[in-house]
Student: 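Sending over a structure as structure tokens; questions will come in a sec.
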Amino acid sequence: MLPRPRIRPDGVRQLFRQYATPRRTIIAAPRPGSGPLMERRADRELPSISTGGFRWLRSLPIFAAIMGGSTFAIFNYQKQSSSVVSSTMYALRTNDEAREILGDEIYFNSKMPIIWGEINQLHGRIDIGFWVKGTKNKGWMTFKSERKTRMGF
């Protein structure tokens, strides 16, 4: 029988080094202004997390103002295009007394009129007011209606 060669510990380490992946050192995360990141490596350092948690708080008043203005504009447009406002404008245009005071071509005072008040047709409460103008004058038009009972008059 032939004698077997003995493997020394140095030989075993060398054997594993052959098949092991090369060891890489950890690379620091890119700093601001250091240029573009040309390659991504899995073993690089993670960037630090900023602790400015209340940064969004500065934009909260702007967001609230935009949302409030948008909501007001949407509800005002809904009132302006309702049948109640269209009917009152028609009644105002065909009324002889109103035409005598305001003149002809009675319409809203501005291109984007603000309709103040409440239009609640479900409960029978309508109380609105808005500015109108004619060829002679301008004035405040109000209309108030209240249905006393559920089924009508």
Side-chain angles (χ1 to χ4, degrees), residues 13 15-153:
R13 282 189 209 132
L15 184 67
F16 283 118
R17 278 190 202 137
Q18 274 181 325
Y19 300 110
T21 57
R23 198 161 196 196
R24 294 162 80 176
T25 58
I26 293 179
I27 298 172
R31 303 272 180 250
S34 67
L37 185 62
M38 299 307 283
E39 79 175 46
R40 294 206 176 265
R41 290 181 43 183
D43 62 348
R44 69 178 175 88
E45 219 178 276
L46 293 174
S48 62
I49 298 173
S50 64
T51 58
F54 293 106
R55 203 180 239 181
W56 59 270
L57 205 57
R58 282 186 257 161
S59 62
L60 191 63
I62 297 168
F63 174 75
I66 290 171
M67 289 302 292
S70 299
T71 303
F72 177 77
I74 288 169
F75 285 129
N76 190 58
Y77 179 76
Q78 184 183 12
K79 287 180 193 178
Q80 181 184 348
S81 60
S82 74
S83 62
V84 173
V85 173
S86 299
S87 299
T88 54
M89 285 298 287
Y90 176 76
L92 197 63
R93 288 183 188 121
T94 57
N95 189 336
D96 292 332
E97 188 178 337
R99 291 182 72 164
E100 187 178 304
I101 294 169
L102 296 173
D104 294 333
E105 299 177 20
I106 298 171
Y107 201 66
F108 295 115
N109 191 31
S110 63
K111 289 187 178 189
M112 295 186 63
I114 298 175
I115 314 291
W116 298 100
E118 173 189 25
I119 299 177
N120 189 342
Q121 292 177 338
L122 183 65
H123 293 109
R125 288 189 310 264
I126 299 170
D127 186 9
I128 57 171
F130 50 90
W131 285 98
V132 293
K133 69 176 178 180
T135 53
K136 291 182 186 176
N137 209 348
K138 68 178 184 176
W140 177 255
M141 203 288 301
T142 59
F143 176 71
K144 185 171 185 170
S145 173
E146 187 173 340
R147 186 176 64 218
K148 299 288 183 194
T149 63
R150 188 175 151 251
M151 297 305 286
F153 300 109

Student: Answer yes or no: are there more than 12 heavy-atom neighbours, outside Arg99 itself, under 6.0 Å from its atom CZ?
Tutor: no
Student: When Phe130 is tested against each of Thr88, Asn76, Asn109 for side-chain contact (heavy atoms from CB on, under 4.5 Å), which residue passes?
Tutor: Thr88
Student: Mark yes or no for whether Lys79, through its side chain, and Gly117, through its backbone, hold a donor-acceptor pair below 3.5 Å.
Tutor: yes
Student: Relative to the ring of Phe72, is the ring of Trp116 parallel (under 30°), tilted (30 to 60°) or perpendicular (over 60°)?
Tutor: tilted
Student: Rounded to the nearest 0.5 Å, what separation is found between the CD atom of Glu146 and the CG atom of Asn120?
Tutor: 11.0 Å
Student: How long is the straight-line distance from OG1 of Thr135 back to CG of Asp104, given to the nearest 0.5 Å?
Tutor: 5.0 Å
Student: Tell me, with the steps shown, if Met89 and Phe108 meet side chain to side chain contact (heavy atoms under 4.5 Å, CB included).
Tutor: CA-CA 9 Å; Met89 285 298 287; Phe108 295 115; 4.2 Å; yes
Student: One pair to check against side chain to side chain contact (heavy atoms under 4.5 Å, CB included): Leu92 and Met141. What are the steps and the verdict?
Tutor: CA-CA 9 Å; Leu92 197 63; Met141 203 288 301; 3.6 Å; yes
Student: To the nearest 0.5 Å, tell me how far Ile115 CD1 sits from Phe143 CZ.
Tutor: 13.0 Å
Student: Can you tell if the side chain of Gln121 reaches within under 4.5 Å of the side chain of Ser83, non-hydrogen atoms only?
Tutor: yes
Student: Would you indicate whether Glu100, at its atom CD, is surrounded by more than 12 heavy atoms from other residues, nucleotides or ligands within a distance under 6.0 Å?
Tutor: no
Student: Can you confirm whether more than 12 heavy atoms, excluding those of Tyr107, are under 6.0 Å from its OH atom?
Tutor: no
Student: Run the numbers on Ile128 and Thr142 for side chain to side chain contact (heavy atoms under 4.5 Å, CB included), then give the verdict.
Tutor: CA-CA 6 Å; Ile128 57 171; Thr142 59; over 6 Å; no
Student: To the nearest 0.5 Å, how far apart are NZ in Lys136 and CD1 in Ile106?
Tutor: 10.0 Å
Student: Check whether any side-chain N or O of Ser145 sits under 3.5 Å from a backbone N or O of Ile126 as a donor-acceptor pair, and report yes or no.
Tutor: no
Student: Go through Ser81 and Val85 one step at a time and tell me if the side chain to side chain contact (heavy atoms under 4.5 Å, CB included) criterion holds.
Tutor: CA-CA 7 Å; Ser81 60; Val85 173; over 6 Å; no
Student: Using 0.5 Å steps for rounding, measure from the CZ atom of Arg93 to the CD atom of Glu105.
Tutor: 10.0 Å
